[in-house]
Amino acid sequence: MPDEPAALAAFGYELGLLKRIRRTGWWHAGVRDPESVAEHSLRTAQIAALLAAEEGANPERAAFLALWHDTQETRTGDIPHTATKYMSKPEPRDITADQTAALPDTSRDLVRAAVDEYESRQTPEARCAKDADKLEMLLQAVEYQDVGVRRVAGWIDSAQKGLTTETAKRVAEVAISLSPLAWRDR
């Protein structure tokens, strides 16, 4: 169909917004130029693959789920935790349905299934992807702390409490005590 390439291109442009949308919660911690949603999503996908490999799950699937976990923010922006008291969190599946409505059936179904699996947390890959989301936030908080941002303890604590896989829990414990620059010594 002639509209299918246009729909794919339009969705590609929409996904490009994630490179410009900042993770707004970090402004509350005093970060002047926080990471973008796209930057967060990339490392989340990479970590998801590693967690899945260690947990005996499918690394490629976990990474794929993590790639789609925040794509709805092209429509909502990054809603900080402090806003949840004043508004209800939009349903990611509904946003994804709107975002993908014009896509070809195969692409639409692929994206919707990934978001549904991630949100349901019923598969080991989805649990690894969610833990990767939390673990990425924890690593980012430690990195910001290392450059002088002081109000990150809440992010670290929240991320650590939300972890479910044993691998992610162990990584978090080490990450909190390890300098972000220690990777160079490994």
Side-chain angles (χ1 to χ4, degrees), residues 15 18 21-26 28-29 31 34-74 76-84 89-93 95-96 110-146 149 151-183 186:
L15 293 172
L18 297 171
I21 296 171
R22 297 290 166 197
R23 304 254 300 155
T24 58
W26 293 122
H28 294 267
V31 177
E35 64 176 339
S36 71
V37 173
E39 290 167 319
H40 161 73
S41 294
L42 172 64
R43 185 160 65 169
T44 298
Q46 293 166 328
I47 293 169
L50 299 174
L51 292 178
E54 295 300 321
E55 291 286 320
N58 181 317
E60 294 86 1
R61 184 70 184 166
F64 185 74
L65 299 179
L67 282 174
W68 297 102
H69 87 282
D70 276 343
T71 55
Q72 304 79 22
E73 293 181 10
T74 63
T76 65
D78 181 50
I79 301 170
H81 179 69
T82 54
T84 58
K89 183 179 184 241
E91 170 54 51
R93 292 173 188 94
I95 297 169
T96 299
L110 180 78
V111 174
R112 288 179 182 180
V115 170
D116 184 59
E117 183 177 345
Y118 176 84
E119 292 297 328
S120 297
R121 313 275 196 284
Q122 296 299 307
T123 65
E125 292 79 12
R127 289 189 290 277
C128 287
K130 181 59 179 176
D131 273 8
D133 181 36
K134 296 286 187 187
L135 191 54
E136 198 288 327
M137 181 177 71
L138 183 146
L139 293 170
Q140 188 64 65
V142 171
E143 289 169 347
Y144 284 145
Q145 186 176 49
D146 197 55
V149 178
R151 294 188 311 257
V152 298
W155 277 268
I156 293 170
D157 186 51
S158 169
Q160 196 169 22
K161 285 180 181 174
L163 298 173
T164 61
T165 64
E166 289 306 312
T167 302
K169 290 175 185 178
R170 290 192 316 270
V171 171
E173 285 180 33
V174 173
I176 291 167
S177 64
L178 187 67
S179 165
L181 297 179
W183 65 268
R186 300 241 171 242

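Shortest non-hydrogen contact noted between Ala175 and Leu138 is CB-CD2, 3.9 Å. Nearest heavy-atom pair, Leu163 versus Leu135, reported as atom, atom and distance to 0.1 Å: CD2-N, 4.1 Å. Nearest heavy atoms, Ile156 versus Ala141: CG1-CB, 3.6 Å. Minimum interatomic distance between Arg151 and Ala29 (heavy atoms only, all atoms of both residues): O-CB, 3.3 Å. Ala129 and Thr44 get closest at one heavy-atom pair: O-CG2, 4.1 Å.
Contacts of Arg112 classified as side chain to side chain donor-acceptor pair (under 3.5 Å), with partners at least two apart in sequence or in another chain: Thr100. Under the salt bridge (Lys or Arg N to Asp or Glu O under 4.0 Å) criterion, Asp157 pairs with Lys161, sequence neighbours left out. For Trp155, the ring-ring contact (aromatic ring centres under 6.0 Å, His included) criterion is met by Trp26, not counting sequence neighbours. The salt bridge (Lys or Arg N to Asp or Glu O under 4.0 Å) check on Glu136 picks up Arg43, with sequence neighbours excluded. By the ring-ring contact (aromatic ring centres under 6.0 Å, His included) test, His69 is found to be paired with His40, Tyr118, residues two or more places apart in sequence or in another chain being considered.
To the nearest 0.5 Å, the span separating OG1 on Thr96 from CG on Asp116 amounts to 9.5 Å. Note that SG of Cys128 and CG of Asp133 are 13.0 Å apart. Values are rounded to the nearest 0.5 Å. The distance from atom OG of Ser120 to atom NZ of Lys130, rounded to the nearest 0.5 Å, is 13.0 Å. Expressed to the nearest 0.5 Å, how far CD1 of Ile79 lies from CD of Gln72 amounts to 10.5 Å. Taking CD of Glu119 as the start and CD of Glu91 as the end, the distance is 6.5 Å to the nearest 0.5 Å.
Side-chain atoms of Arg127 come within 3.5 Å of backbone atoms of Gln122 as a donor-acceptor pair (strictly under, hydrogens ignored). A distance-only check finds no donor-acceptor pair linking the side chain of Asp146 to the backbone of Pro180 [under 3.5 Å]. Between the side chain of Arg22 and the backbone N or O of Val37 there is no donor-acceptor pair closer than 3.5 Å. In this structure, Glu173 contributes its side chain and Val171 its backbone to no donor-acceptor pair below 3.5 Å. Put simply, the side chain of Glu55 gets close to the backbone of Thr167: a donor and an acceptor are under 3.5 Å apart.
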Mind listing the side-chain donor-acceptor pairs of residues 57-66 below 3.5 Å, one per line with the distance, residues two or more places apart or on another chain?
residue	atom	partner	partner atom	Å
Asn58	OD1	Glu60	N	2.9
Asn58	OD1	Arg61	N	2.8
Arg61	NE	Glu117	OE1	3.0
Arg61	NH2	Glu117	OE1	2.5

Show your working on side chain to side chain contact (heavy atoms under 4.5 Å, CB included) between Ile47 and Leu139 and close with a plain yes or no.
-> CA-CA 11 Å; Ile47 293 169; Leu139 293 170; 3.6 Å; yes
Take Thr76 and Ile95 through the test side chain to side chain contact (heavy atoms under 4.5 Å, CB included) and record every step on the way to the result.
-> CA-CA 9 Å; Thr76 65; Ile95 297 169; 3.5 Å; yes
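Inspection of the Thr165 and Asp131 side chains reveals an N or O donor paired with an N or O acceptor under 3.5 Å.
Between Trp68 and Ser41 the shortest side-chain heavy-atom distance does not fall below 4.5 Å.
In this structure, His81 places its NE2 atom where only 12 or fewer heavy-atom neighbours from other residues, nucleotides or ligands lie under 6.0 Å away.
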